[in-house]
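Residue numbers run from 1 in the order of the sequence given.
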Amino acid sequence: MKYIYTLIFLSILFLIYCFLPSIWARNISNTVLRQGNNDKKQIALTFDDGPSPKYTPKLLDLLDDSNIKATFFLVGKRAAANKDIVSDIKERGHVIGCHSNTHKHAWLMLPHETYSDMLTTFNTLSDITGEQPHWYRPPWGTFNLVSLNAARRLNLKPAYWCIEAQDWDNRSTVEHIYSTVIDKAAPGSIVVLHDNGGDPGAPENTLKALPVIIDALKKDGFEFVTLDELIAERKEAFLYEVNSTNYN
């Protein structure tokens with residue numbers, strides 16, 4: 001019987017600490033950005049898990065060729081090992097956000113570990129760029145009970161996405177990535193793609209798909225923007241919100 005009670009207790013703990021916070025953040029919380037305004041034909045490209053010395057420079061050149069600015073959610077340890085690439089991302093006019101320090105799943109981290117992980121990433125990116133990041137995206141889009149509060153303490157605005165092409169999987173073909181983004185593109189969409197992480201070689205297909213995605217969406221009248229630009233009309237309110245919830 002004690003094993004049943006233990007199982008019930010662990011199930012309740014998982015529900016409170018892991019599952020419900022993620023559901024709240026993904027579907028309910030008004031402090032999490034999921035999509036921009038649908039009255040403007042804007043779309044935001046975001047890239048997770050970098051920087052990668054193999055793929056990120058190629059991606060930056062590709063974006064330059066198309067005169068597009070994007071938002072990069074960087075892993076702290078990878079940023080620390082590739083400071084020149086991080087600096088290059090900033091110098092080319094892109095926005096940099098936090099994507100954890102080790103890409104560990106939030107459901108596997110204790111409260112103090114969650115905050116420490118986010119703080120380390122925040123400090124790493126601040127030291128490299130000379131600016132404090134203000135965006136946060138958790139690995140796999142999962143939160144735990146303390147994640148949102150930790151983000152507030154660091155003045156970080158959590159951001160999800162509304163289009164995912166599974167490009168971290170090397171079985172996702174160029175055609176699949178292209179069709180997923182094009183079919184789901186709508187005013188205010190946030191697209192998540194990857195310049196590192198996932199299966200070996202997966203970003204190759206992303207780099208091949210991007211030029212045709214960009215060309216097709218531009219022809220359809222879309223403007224590519226950063227997350228900062230996506231919420232430009234809400235900028236004053238956004239700054240008030242994060243500053244008013246700073247507990248440091």
Side-chain angles (χ1 to χ4, degrees), residues 33 36 40-101 103 121-137 155-157 159 161 163-165 167-168 174 177-178 181 185 188-198 202-219 222-232 235 238-239:
L33 179 68
K40 291 187 177 181
K41 208 164 187 181
Q42 296 177 328
I43 192 165
L45 293 179
T46 67
F47 298 93
D48 287 5
D49 297 354
S52 160
K54 182 175 182 180
Y55 296 114
T56 307
K58 296 178 182 178
L59 173 59
L60 292 173
D61 288 342
L62 188 157
L63 294 173
D64 274 356
D65 290 342
S66 299
N67 193 28
I68 286 174
K69 306 304 179 187
T71 305
F72 287 77
F73 288 95
L74 304 182
V75 175
K77 280 196 170 183
R78 292 172 184 164
N82 298 279
K83 294 181 180 180
D84 56 332
I85 300 178
V86 178
S87 297
D88 196 23
I89 294 172
K90 180 194 172 187
E91 289 170 4
R92 298 202 196 197
H94 303 288
V95 172
I96 293 175
C98 298
H99 194 50
S100 86
N101 189 53
H103 207 270
T121 312
F122 179 89
N123 287 337
T124 297
L125 297 180
S126 297
D127 290 344
I128 296 173
T129 65
E131 295 179 357
Q132 293 182 344
H134 51 262
W135 291 103
Y136 171 67
R137 175 178 287 162
N155 283 350
L156 293 171
K157 179 77 170 178
W161 58 85
I163 300 178
E164 180 184 14
D167 66 322
W168 44 264
V174 173
I177 298 169
Y178 170 84
V181 175
S189 291
I190 301 173
V191 183
V192 59
L193 296 168
H194 298 78
D195 59 328
N196 200 2
E204 294 283 358
N205 287 335
T206 301
L207 292 175
K208 292 176 182 176
L210 264 175
V212 287
I213 289 173
I214 291 170
D215 184 59
L217 291 178
K218 279 188 173 181
K219 288 180 178 177
F222 278 94
E223 173 192 11
F224 288 87
V225 297
T226 65
L227 292 188
D228 286 356
E229 294 169 320
L230 193 67
I231 65 162
K235 194 71 172 180
F238 163 66
L239 291 174

Report yes or no: does [X] contribute a side-chain atom to a donor-acceptor pair with the main-chain N or O of [Y] at less than 3.5 Å?
X	Y	result
Lys90	Thr129	yes
Lys69	Arg92	yes
His94	Ala70	yes
Thr71	Leu227	yes
Asp48	Phe73	no

Which distance, rounded to the nearest 0.5 Å, do you find between the [atom1] of [X] and the [atom2] of [Y]?
X	Y	atom1	atom2	answer
Asp127	Phe122	CG	CZ	10.0 Å
Leu59	Asp64	CG	CG	9.5 Å
Gln42	Ile231	CD	CD1	11.5 Å
Glu223	Ile43	CD	CD1	11.5 Å
Leu210	Lys58	CG	NZ	13.5 Å
Ile214	Leu217	CD1	CG	8.5 Å

Which heavy atom of [X] sits nearest a heavy atom of [Y], and at what distance?
X	Y	value
Trp168	Ala202	O-CB, 3.5 Å
Tyr136	Ser100	CE1-N, 4.3 Å
Pro211	Lys208	CD-O, 3.5 Å
Gly97	Leu125	O-CD1, 3.5 Å

Discussion item. Counting only heavy atoms not in Asn67 (residues, nucleotides, ligands), do more than 12 fall under 6.0 Å from its CG?
Written reply: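 Not more than 12 within 6.0 Å, no.
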Taking side chain as C-beta onward, heavy atoms only, is [X] less than 4.5 Å from [Y]?
X	Y	value
Trp135	Leu33	yes
Ile177	Leu193	yes
Asp195	Phe72	yes
Asp88	Pro57	no
Thr56	Leu60	yes
Arg78	Ile85	no
Ser66	Lys218	yes
Thr121	Val75	no

Practice prompt. Start with the C-alpha gap between Leu74 and Ile89, add the side-chain angles, then the distance that decides, and say whether side chain to side chain contact (heavy atoms under 4.5 Å, CB included) holds.
Written response: CA-CA 10 Å; Leu74 304 182; Ile89 294 172; 4.1 Å; yes
Practice prompt. Please lay out, stage by stage, how Asn196 and Phe47 fare under the test side chain to side chain contact (heavy atoms under 4.5 Å, CB included).
Written response: CA-CA 9 Å; Asn196 200 2; Phe47 298 93; over 6 Å; no
Discussion item. Under 3.5 Å, is there a donor on one side chain and an acceptor on the other for Asp49 and His99?
Written reply: yes
Worksheet item: Stepwise, does the side chain to side chain contact (heavy atoms under 4.5 Å, CB included) test hold for Val192 with Arg137?
Response: CA-CA 11 Å; Val192 59; Arg137 175 178 287 162; 3.5 Å; yes
